[in-house]
Amino acid sequence: MFDLLSNSADVPVVILAGGQSRRMRGPDKAEVRLGRDRMIDLIINRLRPQASRLLVSGPHDYGTGLTVITDMPDMPPGPVGGIHSIAAWLAANAPSVAGFITTPVDGPCVPEDLVCKLSASGDAAFGLDETGDHPTFAYWSVPRLMALRMQAPVSRASSLRALLAAIDATPVAWPGAGQFLNINTPEELAAAQTLHAGNSSSCTRATISYSEALAVLHAKTRPLKPVYASLKTVAGHVLAADVMAEAPAPAFDNAAMDGFALRAADTDLATPATPARLEIIGTSAAGDEGKAEAIGQNQAVAIMTGAPVPLGTTSVIPIEATRTEGSTVLIETPFPSGKNIRRKGTDFNAGDRLVPKGTFVTPSALPALAASGQARFAVYPKPRAFWISSGNELVDDPAEALAPGQIYNSSGPFGEAALHEAGATCTGRITIRDDADTLIAALSSPAARQSDLVISTGAVSAGRFDFVRTALEAIGATIHFHGVRIRPGKPVLFAQLADGRYFAGLPGNPSATTATFRLFVNPLIRALTGLPAERPFKARLTSEANIRPNLTFMMKAHLETSQTGQLEVKALDGQQSYKVANMIDQNAWILHVEGAALPEPGTMVDCLWR
Ligand SMILES: Nc1nc2c(c(=O)[nH]1)N[C@H]1C(S)=C(S)[C@@H](COP(=O)(O)OP(=O)(O)OC[C@H]3O[C@@H](n4cnc5c(N)ncnc54)[C@H](O)[C@@H]3O)O[C@H]1N2
Ligand code: MOO
Ligand SMILES: [Mg+2]
């Protein structure tokens with residue numbers, strides 16, 4: 001159940017599903033399918049990235065789990081009654097909500113920036129494009145609607161257009177045509193099927209915030225299916241199950257020093273003039289079975305570090321504190337009891353949880369894993385990633401001289417190394433020309449098919465040859481987000497191919513690539529391997545940071561420890577995303593999240609490791 005009062009800044013979006021579908025001569029439009037999906041589900045998918053509160057105005061929730069607002073009994077049937085009913089419901093159930101957005105259930109191409117644009121344009125607004133006005137795509141003011149209903153009863157004849165005029169709604173223009181498409185007739189349904197199967201490049205880009213995008217990414221990502229690793233291969237993986245100890249460690253009482261196992265009481269009266277004289281009755285070395293003879297009065301066993309202590313031993317005296325004469329050991333001062341014996345089970349016991357699930361296995365975890373006695377460990381596999389650099393201008397071979405217009409592919413090599421560092425394996429890397437068919441072919445190559453995630457660079461922005469989205473849509477991928485309010489890297493895209501592979505479309509400018517890799521691919525790899533989201537750390541800013549409000553900034557930065565051990569960070573000169581030279585000095589990012597106070601030199605700022 002969602003809480004309408006949790007954040008009054010979020011505008012609720014209500015899907016209008018109450019109308020009859022007379023012209024379609026048939027089923028409820030919410031249930032009509034475009035491709036495999038019901039219209040209502042398509043709309044919900046499209047609205048999710050831009051709206052945190054979705055509701056349905058209609059007879060029921062269509063199995064979506066959304067809250068349903070039904071029309072008030074005293075309202076005339078039709079959309080106007082529906083709008084008044086929503087306003088009254090919100091006024092009663094969510095008094096802090098000032099307005100709401102509506103979108104019709106038969107409008108599957110709803111603009112991805114609908115909520116952002118409509119809610120930014122005053123108290124009441126509606127969509128307009130080259131085909132005219134679209135009163136079902138509108139932002140409605142709750143107080144104005146309530147006031148209107150006080151003035152006069154709602155008339156059966158009134159229209160949405162008249163209602164918008166009565167609350168002084170203003171038009172908000174979208175370029176082109178098609179996003180406000182309404183499916184009213186079988187012909188329009190057929191047209192929409194074509195649009196759905198092909199491209200929807202007419203849709204403008206959503207720009208959601210960094211935190212919203214990260215939330216979408218986390219919501220869409222499931223950890224990979226665990227596999228088993230051996231002691232030899234487990235390092236670098238995340239454990240998918242607790243590792244329990246088979247047996248206690250130490251497995252037996254053993255010596256912590258090279259020397260003699262003895263009974264401390266035999267040394268009680270020792271002095272340099274009258275040393276204790278103990279008979280050496282045997283030897284116990286590491287690896288021995290521990291069957292050395294029990295020690296009796298005035299006896300000792302020569303013993304090595306790690307060797308089992310014989311029965312009767314109360315201490316192990318280091319060899320340096322003794323003198324030997326033939327088969328006798330001489331001890332000149334009393335030696336205390338209980339010294340230098342490592343007792344069975346004092347490290348861990350059988351059945352102890354030695355290493356918890358979710359641990360990233362570093363070399364320092366290996367001693368415990370090895371000591372556990374387990375032969376195999378359930379781990380999340382390293383995500384397999386396929387890297388595609390797109391660009392007609394790109395040259396991979398450094399031996400090749402650049403022709404006019406060409407550049408060296410600078411982010412391809414970065415990709416392979418960064419994937420490795422982030423805990424993934426790179427199943428392949430190719431460079432392709434700027435062309436949708438080539439991308440589609442690359443995605444179905446064997447190496448790409450074997451991967452859990454595909455990363456492309458370039459061709460996700462607004463240029464004529466920026467084909468990534470169109471290509472993905474043509475092969476039935478689901479675009480989870482495209483366009484995030486970040487700098488650099490705003491055009492970044494995150495999607496899932498029809499077979500479930502994740503797809504990150506990183507913008508082509510080199511530091512937009514590295515920044516979006518850090519902001520989204522690193523978290524994706526963490527999520528695929530069951531690791532929790534990473535938290536930034538703080539460092540003192542020692543430079544200016546040229547940051548504007550209303551955007552999340554990733555600044556190339558250099559981090560170091562000051563004389564006093566304080567972490568200090570400076571933004572590098574040349575933040576422009578085409579510049580690569582300063583990345584040599586980059587070992588961190590300054591992460592300024594949209595909405596936070598603008599950082600001044602000397603203040604603490606959030607940082608991410610390189
Ligand atoms: N009208 C608009 N233009 C641009 C926008 C926008 O919103 N509206 N966004 C800008 C931003 S921000 C970025 S970032 C870039 C992203 O562009 P694309 O992802 O479409 O990438 P391309 O157009 O293919 O290339 C951009 C740039 O990067 C160079 N590049 C590409 N790949 C590599 C590589 N592997 N190694 C080195 N350099 C590479 C490419 O040559 C271009 O110079 O779009 C802006 N434009
Ligand atoms: O991501 Mo772009 O200009 O922000 O490079
Ligand atoms: Mg481009």
Side-chain angles (χ1 to χ4, degrees), residues 112-113 116 175-176 201 203-210 213 386-398 400 402-419 426 429-436 438-439 442 454-472 479 481-495 503-521 546-548 550-556 572 574-583 586 589-592 594:
E112 291 178 345
D113 50 359
C116 179
S201 51
C203 297
T204 50
R205 228 127 271 169
T207 45
I208 58 175
S209 71
Y210 160 62
F386 189 74
W387 188 279
I388 304 174
S389 307
S390 83
N392 294 352
E393 72 278 33
L394 300 180
V395 172
D396 277 298
D397 182 359
E400 203 178 303
L402 296 180
Q406 291 188 323
I407 60 169
Y408 289 115
N409 178 358
S410 58
S411 52
F414 158 84
E416 272 187 77
L419 282 170
C426 187
R429 172 163 84 79
I430 57 164
T431 301
I432 62 167
R433 296 189 63 80
D434 284 323
D435 164 56
T438 315
L439 175 63
V454 177
I455 296 152
S456 72
T457 62
V460 279
S461 182
R464 197 176 305 163
F465 305 103
D466 295 337
F467 57 86
V468 169
R469 185 190 177 120
T470 323
L472 291 177
I479 311 291
F481 59 76
H482 185 188
V484 180
R485 287 197 298 276
I486 52 174
R487 173 163 301 168
K490 173 177 156 252
V492 63
L493 174 151
F494 176 58
F503 185 100
L506 310 185
N509 280 321
S511 40
T513 302
T514 58
T516 49
F517 185 96
R518 192 63 184 85
L519 286 179
F520 300 109
V521 181
N546 187 11
I547 283 171
R548 288 196 289 108
N550 307 326
L551 274 181
T552 289
F553 273 75
M554 275 286 266
M555 305 193 82
K556 296 176 260 189
L572 295 169
Q575 289 295 326
Q576 295 91 326
S577 59
Y578 70 92
K579 291 187 173 171
V580 297
N582 60 2
M583 288 160 75
Q586 187 191 350
W589 293 96
I590 295 171
L591 171 64
H592 169 81
E594 167 186 350

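Whatever order the structure lists them in is the order used to number ligands and atoms, beginning at 1. One is the number of the first residue; the rest follow in order along the sequence.
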Quick note on ligand 1: atoms under 4.0 Å from a heavy atom of Asn409 include exactly 34 (C), 35 (N), 36 (N)
Look at the rings of Phe517 and Trp387 and say which category their plane angle falls in: under 30° parallel, 30 to 60° tilted, over 60° perpendicular. tilted
In ligand 1, the atoms that come under 4.0 Å of a heavy atom of Lys490 are 7 (O)
- Message: Can you confirm whether more than 12 heavy atoms, excluding those of Asp397, are under 6.0 Å from its CG atom?
- Response: yes
Note: Ala512, heavy atoms under 4.0 Å from ligand 1, region reported as side chain
If you scan protein heavy atoms around atom 1 (O) of ligand 2, the nearest is Gly489 N, 2.2 Å
Judged by heavy atoms only, the candidate from Pro491, Pro507, Pro413 nearest atom 11 (C) of ligand 1 is Pro491
One finds that the ligand 2 atoms under 4.0 Å from a non-hydrogen atom of Pro488 are 1 (O), 4 (O), 5 (O)
Inset, instruction - Could you tell me whether the side chain of Thr552 and the main chain of Glu594 form a donor-acceptor pair under 3.5 Å? - result: yes
**Asked** Looking only at atom types and distance, does a side-chain atom of Ser390 sit under 3.5 Å from a main-chain N or O of Thr457, one as donor and one as acceptor?
**Response** yes
Ligand 2 atoms nearer than 4.0 angstrom to some heavy atom of Ala512 are 1 (O), 5 (O)
Within 4.0 Å of some non-hydrogen atom of Asn509, the atoms of ligand 2 are 3 (O), 5 (O)
Here the pair of heavy atoms bringing Ala442 nearest to Ile430 is CB-CD1, 3.6 Å
N/O to N/O below 3.5 Å, does that happen between Leu506 and ligand 1? no
* Do side-chain atoms of Lys556 reach the backbone of Ser577 as a donor and acceptor pair under 3.5 angstrom? -> no
Taking every heavy atom of Ser511 against every heavy atom of Met583, the minimum-distance pair comes out as CB-SD, 4.2 Å
Counting only N and O atoms by type, is there a donor-acceptor contact under 3.5 Å from the side chain of His592 to the main-chain atoms of Met555? no
One finds that the ligand 1 atoms under 4.0 Å from a non-hydrogen atom of Ile407 are 37 (C), 38 (N), 39 (C), 41 (O)
Would you say the side-chain atoms of Asn392 pair up with the backbone N or O of Asp434, donor to acceptor, closer than 3.5 Å? yes
To atom 16 (C) of ligand 1, the nearest of Ser461, Ser410, Ser456 on a heavy-atom basis is Ser461
**Asked** Is the side chain of Asn582 donor-acceptor paired with the backbone N or O of Leu572 at a distance under 3.5 Å, no angle test?
**Response** no
Checking heavy atoms under 4.0 Å, the part of Asp434 that sits near ligand 1 is neither
Note to self: Once you measure the plane-to-plane angle for Phe494 and Phe481, does it fall in the parallel (<30°), tilted (30-60°) or perpendicular (>60°) bin?
What the structure shows: tilted
A student checking ligand 2 against Lys490 at a 4.0 Å heavy-atom cut-off should list atoms 1 (O)
Filtering Ser389, Gly508, Ala515, Ser511 for the heavy atom nearest atom 19 (O) of ligand 1 leaves Gly508
All heavy atoms of Ala515 vs all of Met554, minimum pair found to be O-CE, 3.9 Å
Q) Below 4.0 Å from any atom of ligand 1, is there a heavy atom belonging to Ser411? A) yes
Logged contact type for Thr513 with ligand 1, heavy-atom cut-off 4.0 Å, is neither
One finds that the ligand 1 atoms under 4.0 Å from a non-hydrogen atom of Ala459 are 18 (P), 19 (O), 20 (O), 21 (O), 22 (P), 24 (O)
So for Asp466 against ligand 1, with non-hydrogen atoms under 4.0 Å, the contacting part is side chain
Heavy-atom donor-acceptor pair, Asp435 side chain to Thr438 backbone, under 3.5 Å: yes
Honestly, for Glu393 the part within reach of ligand 1 (heavy atoms, under 4.0 Å) is side chain
Any heavy atom of Pro507 closer to ligand 2 than 4.0 angstrom? no
Original post:
Below 3.5 angstrom, do we get any N/O pair linking Val460 and ligand 1?
Top reply: yes
Nearest non-hydrogen protein atom to atom 3 (O) of ligand 2, with distance, is Ser577 OG, 3.3 Å
**Request:** Say whether Pro491, considering both its backbone and side-chain N or O atoms, lies within less than 3.5 Å of an N or O atom on ligand 2.
**Result:** no
A student checking ligand 1 against Leu394 at a 4.0 Å heavy-atom cut-off should list atoms 33 (C), 34 (C), 35 (N), 36 (N)
| task | Evaluate the criterion side-chain contact (heavy atoms from CB on, under 4.5 Å) for residue pair Leu402 and Tyr408; output intermediate values, then yes/no. | result | CA-CA 8 Å; Leu402 296 180; Tyr408 289 115; 3.7 Å; yes
